[in-house]
Amino acid sequence: DTGVSQNPRHKITKRGQNVTFRCDPISEHNRLYWYRQTLGQGPEFLTYFQNEAQLEKSRLLSDRFSAERPKGSFSTLEIQRTEQGDSAMYLCASSLNGRGAEAFFGQGTRLTVV
Amino acid sequence: AQKITQTQPGMFVQEKEAVTLDCTYDTSDQSYGLFWYKQPSSGEMIFLIYQGSYDEQNATEGRYSLNFQKARKSANLVISASQLGDSAMYFCAMRGLNNAGNMLTFGGGTRLMVKP
């Protein structure tokens, strides 16, 4: 499978716990994006990387959220001290550089905070 | 800032008929790209079609075509010969091509249900 891979697919956690998600992009893609999608809404941009550099973060990304892409390959998104409002689908996408380069999405990680 | 509006929360279409999903957008960018994605119940976003703001011809990809009307700032998706497997959420998205990040702004989506 050469698509974008996300793990785990589902995560249920208690409020206040920390969670970490992983994204493996398409191997030759140097851009990697994280989006959050709440029920009934379209995805919202969280942050993106070009290679290992995190170049932009949305205001949605509070200080409890941190993302890394240490070697410019896979990425992790960590949420500390989870809150019920963090319950959502977290989508990862990757793309090549260049105008019009389409983004390929993974199947997402659905987080439920109880 | 960019904004995408999809005014149809849900739509029904009879199998084998054509359907148009509406999308209007607002942006201050002179150069931008418009995208449509399909999201089945499995959750992944599947890329369907792309239209650049300076493309003179409407984009087509198989049964999908994009009716791009720049002056009206609309980018409607037309699906011809609907199939039962087309039942899903459909999202219109855009990004400014002069934006270094190329991140996407999505609309709220339209749920399409194909009736047999």
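Each chain gets a letter, A, B and so on, in the order its sequence line appears, and its residues count up from 1. Note that these values count all heavy atoms, side chains included, but never hydrogens, waters or copies made by symmetry.
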Taking everything shown except [X] itself, do over 12 heavy atoms lie less than 6.0 Å from its [atom1]?
X       : atom1 : result
B/Glu56 : CD    : no
A/Leu96 : CG    : yes
A/Gln84 : CD    : yes
A/Glu68 : CD    : no
B/Lys70 : NZ    : yes

**Asked** Among pairs that include at least one residue of residues 72-82 of chain A, which meet side chain to side chain donor-acceptor pair (under 3.5 Å), considering only residues two or more places apart or in two chains?
**Response** A/Trp34-A/Ser75
**Request:** Provide the closest heavy-atom pair for B/Met45 versus A/Pro43 in the form atom of the first, atom of the second, distance.
**Result:** CE-CG, 3.9 Å
**Heavy-atom closest contact (B/Arg95 atom, A/Glu102 atom, distance)** = NH2-N, 4.2 Å
Under 4.5 Å from any heavy atom of chain B, what part of [X] do you find: side chain, backbone, both or neither?
X        : result
A/Arg110 : neither
A/Glu44  : neither
A/Leu91  : side chain

**Request:** Please flag which part of B/Gln51 lies under 4.5 Å from any non-hydrogen atom of chain A: side chain, backbone, both or neither.
**Result:** neither
**Prompt:** Any donor and acceptor pair, going by atom type alone, linking the side chain of A/Tyr35 with main-chain N or O of B/Leu104 inside 3.5 Å?
**Reply:** yes
**Asked** Looking at B/Ala93, B/Ser42, B/Gly33, which has the largest count of heavy-atom pairs under 4.5 Å with chain A?
**Response** B/Ser42
**Message:** Return the CE to CD distance between A/Met89 and B/Glu44, rounded to the nearest 0.5 Å.
**Reply:** 10.0 Å
**Request:** Using the rule that two of Ile, Leu, Val, Met, Phe, Trp, Tyr join whenever any of their side-chain heavy atoms come within less than 4.5 Å, decide whether B/Ile49 and B/Ile46 are in one cluster.
**Result:** no
